[in-house]
*Asks:* 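Structure in structure tokens, see below.
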Amino acid sequence: MDRTFDELVAEADAAPMAGWDFSWLEGRATEERPSWGYSRLLHERLGTVGAALDLQTGGGEVLGTAPALPRLLVATEGWPPNVAAATALLHPRGVAVVAHDGDSPLPFGDAAFDLVTSRHPVVPRWAEIARVLRPGGTYLAQHVGPASVFELVEFFLGPLPDDVRRGRDPEDEVADARAAGLELVDLRAERLRIEFHDVGAVVWFLRKVVWMVPGFTVEAYLPELRALHERIEAEGPFVAHSARHLLELRRPG
């Protein structure tokens, strides 16, 4: 029997948010993955360096599955529930998890790391990344690109201005990284199909990824959620597209 709007929304609104695990969406939403396979690239690279730093690690899910870790590996995270989740997952493997807000200077010395990594950082702080990399060291990351999942965002917020849609443009990020003294090694970008199969998946996603629709609550957006539920019931999955780019930079030396 099909579940009602109220049942779908209530279940998603009550679901736990700890960590950065999206398995709750299994069977309810799908997303294409970038062709380069960031986790595989990261795991390969971690096995070749002596000291590495993972910025904004979330719950440590990507690091936690690496088969081999460097002698020194540090992860930073700013959201307290994720700090706790990452600590529980990574400490048994000898990884130090440092609570850091992402805005202030990194609490590490100059030229401390051979490799700095990040998966979906909010705002990369290029000067700090360049500072903590040793000469010849590498920044390897997968970033969210411009207008990612904006079909869904604009369903709730309406059309957004061009400067907002351009935010996170990879060419702009490369220019900023170069200004901080880093050299471009590789840049690849893709747009990837996402399907939301029920309104509960949308509620859970917007509760998890809080910057998509700032201040999102079921109560605040109840009319839009009802309209979305009716659209999915009539037309099938709601389709959006994520933007991702792989970025590899090097500190000269």
*Asks:* Which residues pass the side chain to side chain donor-acceptor pair (under 3.5 Å) test with Arg178, not counting sequence neighbours?
*Replies:* none
*Asks:* Report yes or no: does Thr65 contribute a side-chain atom to a donor-acceptor pair with the main-chain N or O of Val62 at less than 3.5 Å?
*Replies:* yes
*Asks:* Is it the case that the side chain of Arg207 and the backbone of Ala15 share a donor-acceptor pair, with hydrogens and angles ignored and the cut-off at 3.5 Å?
*Replies:* yes
*Asks:* Strictly distance-based, threshold 3.5 Å: is any side-chain N or O of Gln56 a donor or acceptor partner for the main-chain N or O of Val122?
*Replies:*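 Judged by distance alone, yes, a pair lies under 3.5 Å.
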*Asks:* Regarding Ser242 and Glu31, do their side chains bring together a donor and an acceptor under 3.5 Å, going by distance alone?
*Replies:* yes
*Asks:* Could you tell me whether the side chain of Arg251 and the main chain of Leu133 form a donor-acceptor pair under 3.5 Å?
*Replies:* yes
*Asks:* Could you check whether any side-chain N or O of Arg131 sits under 3.5 Å from a backbone N or O of Phe108, counting only pairs where one atom can act as donor and the other as acceptor?
*Replies:* yes
*Asks:* Side chains of Phe156 and Leu228: closer than 4.5 Å at any heavy-atom pair?
*Replies:*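 The answer is yes, as the side chains (C-beta and beyond) meet within the 4.5 Å cut-off.
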*Asks:* Can you list the steps and then say if Val203 with Val218 is a side chain to side chain contact (heavy atoms under 4.5 Å, CB included)?
*Replies:* CA-CA 7 Å; Val203 169; Val218 168; 3.9 Å; yes
*Asks:* Please walk me through it: do Val209 and Phe216 pass side chain to side chain contact (heavy atoms under 4.5 Å, CB included)?
*Replies:* CA-CA 10 Å; Val209 191; Phe216 173 83; over 6 Å; no
*Asks:* Give a yes or no on whether Arg71 atom CZ has more than 12 heavy-atom contacts from other residues, nucleotides or ligands under 6.0 Å away.
*Replies:*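 Atom CZ in Arg71 is not crowded, with 12 or fewer foreign heavy atoms closer than 6.0 Å.
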*Asks:* Hey, could you give me each pair passing ring-ring contact (aromatic ring centres under 6.0 Å, His included) that has a residue in residues 21-59? Not counting sequence neighbours.
*Replies:* Trp20-Phe22, Phe22-Trp204, Trp24-Trp204
*Asks:* Indicate every side-chain donor-acceptor pair of residues 84-106 with a distance under 3.5 Å to a residue at least two apart or in another chain.
*Replies:*
| unit_1 | atom_1 | unit_2 | atom_2 | d |
| --- | --- | --- | --- | --- |
| Thr87 | OG1 | Val83 | O | 2.7 |
| Arg93 | NH1 | Gly64 | O | 3.3 |
| Arg93 | NH1 | Ala66 | O | 2.7 |
| Arg93 | NH2 | Ala66 | O | 2.9 |
| His100 | ND1 | Gly102 | N | 3.0 |
| His100 | NE2 | Ser104 | O | 2.9 |
| His100 | NE2 | Ser104 | OG | 3.3 |
| His100 | NE2 | Pro105 | O | 3.2 |
| Asp101 | OD1 | Asp103 | N | 2.9 |
| Asp101 | OD1 | Ser104 | N | 2.9 |
| Asp101 | OD1 | Ser104 | OG | 2.9 |
| Asp103 | OD1 | Arg125 | NH2 | 2.7 |

*Asks:* Tell me, with the steps shown, if Val185 and Tyr139 meet side chain to side chain contact (heavy atoms under 4.5 Å, CB included).
*Replies:* CA-CA 10 Å; Val185 176; Tyr139 176 74; over 6 Å; no
*Asks:* Do Asp186 and Arg188 meet the salt-bridge criterion of a basic N to acidic O distance under 4.0 Å?
*Replies:* yes
*Asks:* Would you indicate whether the side-chain heavy atoms of Phe155 and Val153 approach each other to under 4.5 Å?
*Replies:*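 Side chain of Val153 against side chain of Phe155, heavy atoms only: no contact under 4.5 Å found.
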*Asks:* Verify whether one side chain among His143 and Glu173 offers a donor that lies under 3.5 Å from an acceptor in the other.
*Replies:*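 Their side chains do contain a donor-acceptor pair, which is all the 3.5 Å distance test asks for.
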*Asks:* Would you check if there is a donor-acceptor pair between the side chains of Ser23 and Asp21 at a distance under 3.5 Å?
*Replies:* yes
*Asks:* Of all residues at least two apart in sequence or in a different chain, which pass the side chain to side chain donor-acceptor pair (under 3.5 Å) check with Thr138?
*Replies:* none
*Asks:* Does any N or O in the side chain of Glu32 come within less than 3.5 Å of the main-chain N or O of Arg193, such that one atom is a donor and the other an acceptor?
*Replies:*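 Yes, Glu32 side chain to Arg193 backbone: donor-acceptor pair under 3.5 Å.
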*Asks:* Any non-hydrogen side-chain atom of Arg166 less than 4.5 Å from a side-chain atom of Asp172?
*Replies:*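 The answer is yes; the side chains approach within 4.5 Å.
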*Asks:* Report whether Leu63 and Leu55 are members of the same hydrophobic cluster (ILVMFWY, side-chain heavy atoms less than 4.5 Å apart, transitive linking).
*Replies:*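 No, separate clusters.
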*Asks:* Going by atom types only, do Gln142 and His245 share a side-chain donor-acceptor pair under 3.5 Å?
*Replies:*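 No.
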*Asks:* Which heavy atom of Arg191 sits nearest to which heavy atom of Ala147, and what is that distance?
*Replies:* NH2-O, 3.1 Å
*Asks:* Report yes if the side chains of Val164 and Phe150 come closer than 4.5 Å at any heavy-atom pair, otherwise no.
*Replies:*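 In contact.
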*Asks:* What donor-acceptor contacts under 3.5 angstrom involve side-chain atoms of residues 46-54, with partners at least two apart or in another chain?
*Replies:*
| unit_1 | atom_1 | unit_2 | atom_2 | d |
| --- | --- | --- | --- | --- |
| Thr48 | OG1 | Arg45 | O | 2.8 |
| Asp54 | OD1 | Thr117 | OG1 | 2.6 |
| Asp54 | OD2 | Thr57 | OG1 | 2.8 |

*Asks:* Tell me, do Leu187 and Leu246 make a side-chain contact under 4.5 Å, heavy atoms counted?
*Replies:*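 Not touching, per the 4.5 Å side-chain cut-off.
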*Asks:* Using modelled atom types and a 3.5 Å cut-off, is there a donor and acceptor pairing between side-chain atoms of Glu154 and backbone atoms of Leu160?
*Replies:*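 Checking the backbone N and O of Leu160 against the side chain of Glu154, a donor-acceptor pair under 3.5 Å is found.
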*Asks:* Would Glu190 and Arg244 pass as an ion pair if we require N to O under 4.0 Å?
*Replies:*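 Here Glu190 does not pair with Arg244 in a salt bridge, since their nearest N and O are not under 4.0 Å apart.
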*Asks:* Got Asp6 and Glu11 here, is their nearest side-chain heavy-atom distance under 4.5 Å?
*Replies:* no
*Asks:* Answer yes or no: is there a side-chain heavy-atom contact under 4.5 Å between Phe238 and Val202?
*Replies:*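 No - every pair of side-chain heavy atoms lies 4.5 Å or more apart.
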*Asks:* Please determine whether residues Leu182 and Leu140 belong to a single hydrophobic cluster, defined as Ile, Leu, Val, Met, Phe, Trp and Tyr linked transitively by side-chain heavy-atom distances below 4.5 Å.
*Replies:*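 Cluster IDs for Leu182 and Leu140 differ.
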*Asks:* Please answer whether the main-chain N or O of Gly59 pairs with a side-chain N or O of Glu61 as donor and acceptor at a distance below 3.5 Å.
*Replies:*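 Answer holds: yes.
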*Asks:* Counting C-beta onward and ignoring hydrogens, is there a side-chain heavy-atom pair between Phe205 and Leu152 closer than 4.5 Å?
*Replies:* yes
*Asks:* Scan for side chain to side chain donor-acceptor pair (under 3.5 Å) pairs involving residues 216-238, sequence neighbours excluded, and state none if there are none.
*Replies:*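 Output for this query is empty, none listed.
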